[in-house]
Structures are given as structure tokens and as C-alpha cells.
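What follows is a set of notes on a single structure, which appears directly below.
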Amino acid sequence: MKDARRIAGRIAKGLGVALLFLTVALCLAVTIVPPFLDRIYYEGPVSRHYDGARFFNPDGEIVFPAPPGSNRQGFMARWLLGRDDRPDWPDMVAVKPARPPAVAAPRGMTATWVGHATVLVQAAGLNILTDPIWSDHASPFPPFGPKRVAQPGVRFDDLPKIDLILVSHDHYDHMDIPTLKKLWDRDRPKIVTSLGNDSILGANGIPSTALDWGQSISGAALNGLGDGTVIQCENYEHCPDYRVHVLRNHHWSSRWGTDRNRALWSSFFIETRAGNIFFAGDTGAGDMAWPGEAARLGPIRLALIPIGAFRFYPGQMQSDAHIGPEQAVRLFEKLQASTAIPIHWGTFRLSYEKRDTPPRMLSLYLRCAGIERKRFAPLKIGQSIPVPTYSPVPQAPKRCDQQAIATLK
């Protein structure tokens, strides 16, 4: 018995040493490996957000501060070893997948939250997917890396024919090459992204159209017609009568390490016959002036706004790269949107907060702002909603419970 315990102890100690060496190797890889993994995704003229080699946020660069009383190296080591005292997440969340219709009515708009930043928006006979990911892991090396705790809210085979895909940037939880390849092979959708991301997609056999901030393209042009071509469709099923605007937000990009910011990140504004749609992509707050660029394009019937992955140590309310619920409410107000769906939470564990903290905190901050909850209500993964027609958001009494907010972990 003593020998068995001694052997077990040696094995446990050996595993601990191996894990420590693996952690050290990963930390060293950050400085040693990336030079061999750098890529040039885009070459073009210098601009107010491109220095000739890399893109940047004109309103200030992304930084990743260590938690109070810690340093980045110690924080990363604890995160890799799972010793950062993060609140528990469930291993699996039950999902009832939706079975969307083939298309929406000519003036109708329906949205289905598939999970994370993936939303199926059906508007005026047009089927749109945002940052589609059906893979089980958001990682370059599955099965390592963040794993789904909730299966997609629509089974892939139940997806209707997809007309348009928006890809906000190149992070693995937003640019999922296996899913995009399957969608391209099946439906040949039009894919719109921002500068440089088309190189990554093209290298994987996935054609796309890349635009800079402030540029737009019509569905007619994406389908090989003149940009100003007047589209006539009898029933508007899969009709390319739309326009996509690529707009500024506040984020960063990388797939391998020192390819950081070689490709651009963006938000999107989509004009459709049923109304305008805004997709924030993945974003921090930055100067919070960029939502005004979308608001000036016209009334927004539906906004897709991230609320999760904002906390990397206890009490943190936002990170430079991700807005939390407080900033999400500000974004909703600045967009002057009619209805919003909170996204980027509850699917992959990417940060410190509990799985249900983002929607619970969102509800509290909506009360602080005097906004009806139904205007920005969390959905269950797989839930579909008919999006109401545009109407201004009325001002309700403001009731702010800061103590309740502070208790959420």
C-alpha cells in the first residue's frame, strides 16, 4: 500500500513538473516562435489607422493590464494552470435548437441567437450570419483552448441557405475556418470583412470581399452587377437588394502571435428593405465616438451588441478589448437603436466572470439608464425573436442598484 502511494505521489509530482515546464515553454514561445509565424495579410497606403505594416486604433492602443497587486507573468501562469480563482462555469448547458424558416417576409425581420457572436438575421428574404462558429473549440489547436459549454442554437444542417456572412476579425472565436469552409461549399454566400482578413480566408479557399473603415458595397456589386444597379425581385427571396458598410470599432487582431494587427477589425451596418442592422463585432469602448458613425447612417432596427468576456480579475467592469454590460448600454444609447440583442457571452469561457453575470448585470444597468428591458433583452441560445419595427426608445424612471451590481461575480 505504501509503495502504491509512493508511486502515485511520484506520478503526480512528475505531472506537476511536466505541467510547469509546459507553462514555461508556452511563455517562451510568445517571444521565440512568433517571428516564424508572422504573416503579411495586407499591404496598402498609410492611413489614420494603418502605419504601412500594422493597423491600430486611432483612439488609443489596446493594453492588457495585470490585476491589482499582480504582474502579467504571474497572472498568465495562474490562468494557464487554472489557479486564478475564476468562478465556476457549467460543463454543459442544455440548448433547444431552433429550426428557422427558409426566409423572412419581405418587410419582416427575425433574429436567432446561435451562440457567442453568431446570429442568424433573416430580413426581407435575406439570410445573414455574423461571425459564424459551429466548431467545438475556439482555438488553433483543438481540443486545447476554449470549449463550448452550449451547442449551437441551430444545427448546421437546419440552417437555411445563407446569402451574406459578416466576419468582424481574425480571432478564432470569430473567424472559424472549418465553419466558413462548410458554408462556402454549401451555399456560396457573399462574405464581407475588413482589410487583410480576405487573405486569411482566401488561403483556405474561401473567397471574400474586404473593405476599409468607411467603405461600403451593395449586394448588386457583390453579385457582379454595377454598384448602383437597381435590383428588382418579385418575392425578395435571397434578393441582393442590400448594402454593407464596414465601420470603425475598438479591438485588435492576431492568429499566431507577432502577426498582431496585420489585419483590420470592424463593425458593420447593413441596409435592408426591412430596416437597418448594426453588428458591433468584437469591441472595447475606446473613445465611444465610433457608434455615432453608424447612427448617422440611419435608424437602426436591430443592433447586435457584445456584453461578455469583460472581466479578467475580480471587480473589473471592462477591458480595453471588450465592453461589459455598462458600456453595452452606453453603446445602445449612442446607436439610438430600437431593439438590441446581447451577444458574446455564455458560449465559450474566455474570461473571469460567471456565465450568467453578463445578462444579469445588463438588466441592472438598463434600469440605471431607464431603458425598458425588452429593448435589450438577453436571449437563450437557440431562441428566435421577431424584431419589432423601428420606434424610438422611451425614457423610463431610472432606478440604479449599485449594491446588486457590485455583488455579481
Problem set entry | Close side-chain approach of H250 and I62, heavy atoms under 4.5 Å | yes

Exercise. Within the distance-only criterion (no hydrogens, no angle test), does the side chain of R148 pair as donor or acceptor with the backbone N or O of D136 below 3.5 angstrom?
Worked result: no

Exercise. Is R367 reaching over with its side chain to a backbone N or O of K398, donor-acceptor style, under 3.5 angstrom?
Worked result: no

Exercise. With a cut-off of 6.0 Å (strictly less than), are more than 12 heavy atoms of other residues, nucleotides or ligands near CD of E43?
Worked result: no

For this session: For D163 and N127, indicate whether the former's side chain and the latter's backbone hold a donor-acceptor pair under 3.5 Å.
Result: yes

Exercise. Is R301 reaching over with its side chain to a backbone N or O of I277, donor-acceptor style, under 3.5 angstrom?
Worked result: no

Exercise. Please walk me through it: do R243 and D227 pass salt bridge (charged side-chain N to carboxylate O under 4.0 Å, His left out)?
Worked result: CA-CA 9 Å; R243 177 171 288 274; D227 191 65; 2.7 Å; yes

Problem set entry | Inter- and intrachain pairs under disulfide (SG to SG under 2.5 Å), touching residues 221-275, at least two apart | C233-C239

Seminar exercise, completed: Smallest heavy-atom separation, M317 atom then F310 atom, equals O-CD1, 3.4 Å

For this session: Step by step, work out the salt bridge (charged side-chain N to carboxylate O under 4.0 Å, His left out) result for D287 and R248.
Result: CA-CA 11 Å; D287 61 6; R248 179 166 74 101; 3.3 Å; yes

Problem set entry | Check: E353 main-chain N/O paired with W89 side-chain donor or acceptor under 3.5 Å | yes

For this session: Can you establish whether the number of heavy atoms outside K161 located under 6.0 Å from its atom NZ is more than 12?
Result: yes

Problem set entry | Partner set under salt bridge (charged side-chain N to carboxylate O under 4.0 Å, His left out) for D170, not counting sequence neighbours | none

For this session: Please name the pair of heavy atoms, one in P378 and one in P342, separated by the smallest distance, quoted to 0.1 Å.
Result: CA-CG, 3.4 Å

Exercise. Which of parallel (below 30°), tilted (30 to 60°) and perpendicular (above 60°) describes F55 and H49?
Worked result: parallel

For this session: Would you sort out whether R273 and L126 count as a side-chain contact (heavy atoms from CB on, under 4.5 Å), showing the intermediate values?
Result: CA-CA 9 Å; R273 182 168 286 263; L126 181 71; over 6 Å; no

Problem set entry | Pairing of D38 and R54 as salt bridge, 4.0 angstrom limit | yes

Exercise. Can you tell me if S266 uses its side chain to pair, donor with acceptor, with the backbone of G281 under 3.5 Å?
Worked result: no

Problem set entry | ring pair (Phe, Tyr, Trp, His ring centres under 6.0 Å) involving F376 - partner list, sequence neighbours excluded | F332

Exercise. Once the angle between the rings of H344 and H322 is folded into 0 to 90°, is it parallel (under 30°), tilted (30 to 60°) or perpendicular (over 60°)?
Worked result: tilted

For this session: Please report the C-alpha distance between L129 and L159 in whole Å, then the side-chain angles of each, then the deciding distance to 0.1 Å, and finally whether the side-chain contact (heavy atoms from CB on, under 4.5 Å) criterion is met.
Result: CA-CA 10 Å; L129 268 180; L159 274 176; 4.2 Å; yes

Exercise. Does the T110 side chain pair with the main chain of Q122, one donor and one acceptor, at a distance under 3.5 Å?
Worked result: no

For this session: Establish, from distance only, whether the side-chain atoms of H169 and N197 form a donor-acceptor pair under 3.5 Å.
Result: no

Problem set entry | Worked verdict on D131 versus S168 for side chain to side chain donor-acceptor pair (under 3.5 Å) | CA-CA 7 Å; D131 285 353; S168 65; 2.7 Å; yes

Exercise. For atom CZ of R188, is the number of surrounding heavy atoms from other residues, nucleotides or ligands below 6.0 Å larger than 12?
Worked result: yes

Seminar exercise, completed: Quick note, disulfide (SG to SG under 2.5 Å) partners involving residues 269-378, not counting sequence neighbours, are C368-C400

Exercise. Would you call P58 and W213 a side-chain contact if the rule is heavy atoms closer than 4.5 Å?
Worked result: yes

Exercise. Looking just at side-chain N and O atoms, do R373 and S363 make a donor-acceptor pair shorter than 3.5 Å?
Worked result: yes

Exercise. Are the side chain of S267 and the backbone N or O of N249 linked by a donor-acceptor pair below 3.5 Å?
Worked result: no

For this session: Take atom CZ of R186 as the centre, draw a 6.0 Å sphere, and report whether it contains more than 12 heavy atoms from other residues, nucleotides or ligands.
Result: yes

For this session: Answer whether the closest heavy-atom distance between the side chains of I405 and E326 falls below 4.5 Å.
Result: no

For this session: Using side chain to side chain donor-acceptor pair (under 3.5 Å) as the criterion, list what pairs up with Y42, not counting sequence neighbours.
Result: none

Exercise. If you take all heavy atoms of V167 and T193, which pair is closest and at what distance?
Worked result: O-OG1, 2.7 Å

For this session: Say whether, by atom type as modelled, one donor and one acceptor occur between the side chain of Y172 and the main chain of R255 under 3.5 angstrom.
Result: yes

Exercise. Do other residues, nucleotides or ligands put more than 12 heavy atoms under 6.0 Å from the CG atom of D91?
Worked result: no

For this session: Could you tell me which non-hydrogen atom of A274 sits nearest to which non-hydrogen atom of P106, and how far apart they are?
Result: CB-O, 4.3 Å

For this session: Would you mind reporting whether P306 and H116 have side-chain heavy atoms less than 4.5 Å apart?
Result: no

Exercise. Hey, is the main chain of G115 close enough, under 3.5 Å, to the side chain of T347 for a donor-acceptor pair?
Worked result: no

Exercise. Side-chain contact, heavy-atom cut-off 4.5 Å: N276 with E271?
Worked result: yes

Exercise. Tell me, do T283 and W290 make a side-chain contact under 4.5 Å, heavy atoms counted?
Worked result: yes

For this session: Decide whether R375 and S338 meet the rule of one side-chain donor and one side-chain acceptor closer than 3.5 Å.
Result: yes

For this session: May I ask you to check whether F64 and W252 place their ring centers less than 6.0 Å from one another?
Result: yes

Problem set entry | Side-chain heavy atoms of L183 within contact of I191, under 4.5 Å | no

Exercise. Considering only heavy atoms from C-beta outward, does the side chain of M361 approach that of R311 to under 4.5 Å?
Worked result: yes

For this session: Could you tell me which residues satisfy ring pair (Phe, Tyr, Trp, His ring centres under 6.0 Å) with H245, sequence neighbours excluded, listed by chain and number?
Result: F269

